[in-house]
Amino acid sequence: MVVAPPPLTEPKFESQLALPLQHGDDQDNAAALQESPRHASDSFEQEASKPRDKIQRRLAQNREAARKSRLRKKAYIQNLETSRMKLAHLEQEITRARQQSAYINRSSNPATLPAPIDSGVVTFEVEYAQWVEEQGRQTAELRASLQAAAEGPELRAVVEAALAHYDRLFAAKREAARRDVFFVMSGVWRTGAERFFLWIAGFRPSEVIRVLAPQLEPMTERQAADVQGLQQKARHLEDALSQGMDKLKQTLADSLLAEAVVVSTSCDASPPPPPPEEEEPSSSAAGDGGCYMAQMGSAMGRLSNLVAFVDHADHLRQETLQNMYKILTLPQAARGLLALGDYCQRLRALSSLWAARPREPA
């Protein structure tokens, strides 16, 4: 008897990994699937925001570097202004030493009369050196105010202080001219480059207007016409003063020559001198000295008009500055005074550089 084999059945394998899912597990997995795109988008936004943060940091660094650069530039300019002031002060000291040396040489020469140093002249030299230092400080203040775009009362105070500073120079020069007008007219209290442009102990108002006019742009048509009219008026008055100076020189020269001829003629017409044994040298010398002193006294009377010319020239300078202040706006006036201060300081710096230039050995 044959026994039939049992039917084959497919074996069933159970895995611990294929566990039945509960209802709560289905919700958690669905929430995880929904949150996964959200996390992906957040990470993408974070990655995208990183370049923007980097750009912002770089811009902040550039702004800080620019600020430091401006501070360094400002410090550099201030150092330049300080160096210019020191050079101008050294130039003044050199000029003063040369003057004193000239006075000593003249006093040691028996052929000439000693020339004493007037205390008023020395006082003016000290005041002018202080005036130059103050002008440098005010020029720096004007520049800082313009760079900061100052307006209103603050800028007006700076501009009016600069104008008053020039008024003080004119007043000090007036007093010095009454003590020694030749000292003021010679300009030895200024640097060499300043003396090159000297006109009656100062600057020509019309020339200053011509130099500063480009710094005042833009101007309205009315302002341009007023500035041009002021320049023409200053030029006419300058010509009148120059002609008056020439006439004074000619009159003084003619007077000295005429008096010299009169003295010579009177001496020729005088009786012959006494015999040698009866000659009195002291009385003869006294007579010649009396004629000479009378002649010099008359010439000195004519020279007193020279002080008036210095006063008129300074009055023209002062009036020109005040009229320019009335014509221009406040920022334009500040720019004009700044340009004038820079112009004067550069002339002094040029003189110092010229004096310190290398020279070929003799």
Side-chain angles (χ1 to χ4, degrees), residues 77-78 80-89 91-92 95 120-148 150-178 184 187 189-191 193-195 197-205 207-209 211-212 215-216 230 234 310-349 351:
I77 293 175
Q78 290 177 351
L80 282 180
E81 297 296 336
T82 303
S83 300
R84 288 176 182 174
M85 292 171 59
K86 289 181 179 179
L87 287 175
H89 181 70
E91 180 69 19
Q92 293 294 326
T95 302
V121 169
V122 176
T123 301
F124 174 73
E125 286 185 308
V126 174
E127 290 178 352
Y128 181 70
Q130 296 173 351
W131 186 90
V132 169
E133 293 181 0
E134 179 65 17
Q135 187 192 34
R137 189 191 67 80
Q138 288 189 351
T139 301
E141 190 173 357
L142 283 168
R143 181 177 290 104
S145 298
L146 289 173
Q147 289 177 350
E151 295 180 355
E154 182 181 356
L155 185 59
R156 186 179 301 275
V158 177
V159 170
E160 291 180 352
L163 289 173
H165 190 56
Y166 284 97
D167 293 341
R168 286 191 290 272
L169 174 62
F170 300 145
K173 198 194 304 182
R174 187 181 308 113
E175 294 298 325
R178 280 159 175 73
V184 175
W189 43 279
R190 291 183 179 270
T191 61
E194 289 177 301
R195 289 196 298 270
F197 295 96
L198 205 63
W199 173 78
I200 312 184
F203 58 83
R204 284 183 177 268
E207 186 67 17
V208 169
I209 294 175
V211 172
L212 299 183
Q215 308 297 327
L216 306 177
L230 184 62
V310 176
D311 290 344
H312 287 314
D314 279 342
H315 178 71
L316 178 58
R317 298 181 187 102
Q318 186 178 24
E319 188 179 28
T320 301
L321 290 176
Q322 292 175 353
N323 288 333
M324 287 289 290
Y325 177 58
K326 294 176 182 178
I327 294 172
L328 302 174
T329 63
L330 203 56
Q332 286 175 332
R335 292 202 306 270
L337 289 171
L338 174 62
L340 181 58
D342 283 339
Y343 179 69
C344 295
Q345 289 180 356
R346 287 169 184 172
L347 284 177
R348 299 185 195 109
S351 298

Heavy-atom distance under 4.5 Å between the side chains of [X] and [Y], does that happen here?
X    : Y    : value
Q318 : Y166 : no
F170 : H315 : no
Q332 : I327 : no
H165 : L169 : no

For the residue pair [X] and [Y], what are the closest heavy atoms and their distance?
X    : Y    : value
Q135 : G341 : NE2-CA, 4.0 Å
A334 : L146 : CB-CD2, 3.8 Å
W199 : P205 : CZ3-CD, 4.1 Å
A172 : F124 : O-CD1, 3.6 Å
A234 : L316 : O-CD2, 4.0 Å

Hey, can you pull the donor-acceptor pairs under 3.5 Å for the side chains in residues 150-161, sequence neighbours left out?
unit_1	atom_1	unit_2	atom_2	d
R156	NH1	Y325	OH	3.3
E160	OE2	Y325	OH	3.3

key: Gap between atom CD1 of I77 and atom CD of Q147 - 0.5 Å precision   =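 Going from CD on Q147 over to CD1 on I77, the span is 6.0 Å.
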
key: R190 CZ to Y128 OH distance, which is reported to the nearest 0.5 Å   =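 If we round to the nearest 0.5 Å, R190:CZ and Y128:OH are 4.0 Å apart.
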
Ion pair check, E141 and R137, cut-off under 4.0 Å = yes

By salt bridge (charged side-chain N to carboxylate O under 4.0 Å, His left out), which residues pair with [X], not counting sequence neighbours?
X    : answer
E127 : none
R178 : D311
R317 : D314

query = Where the side chain of T139 meets the backbone of D342, is there a donor-acceptor pair that is under 3.5 Å apart?
reply =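 Side chain of T139 to backbone of D342: no pair is present.
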
query = With distance as the sole test, does Q215 use its side chain to make a donor-acceptor pair with the main-chain N or O of L212 at under 3.5 Å?
reply =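 Such a contact is absent between Q215 side chain and L212 backbone.
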
task = Would you please name every residue forming a side-chain contact (heavy atoms from CB on, under 4.5 Å) with L216, sequence neighbours left out?
result = M219, M324, L328

key: Partners passing side-chain contact (heavy atoms from CB on, under 4.5 Å) against E175 (at least two apart in sequence or in another chain)   =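 For E175, no residue satisfies side-chain contact (heavy atoms from CB on, under 4.5 Å) once neighbours in sequence are set aside.
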
task = Given side chain to side chain contact (heavy atoms under 4.5 Å, CB included), test T320 with V208 step by step and report yes or no.
result = CA-CA 10 Å; T320 301; V208 169; over 6 Å; no

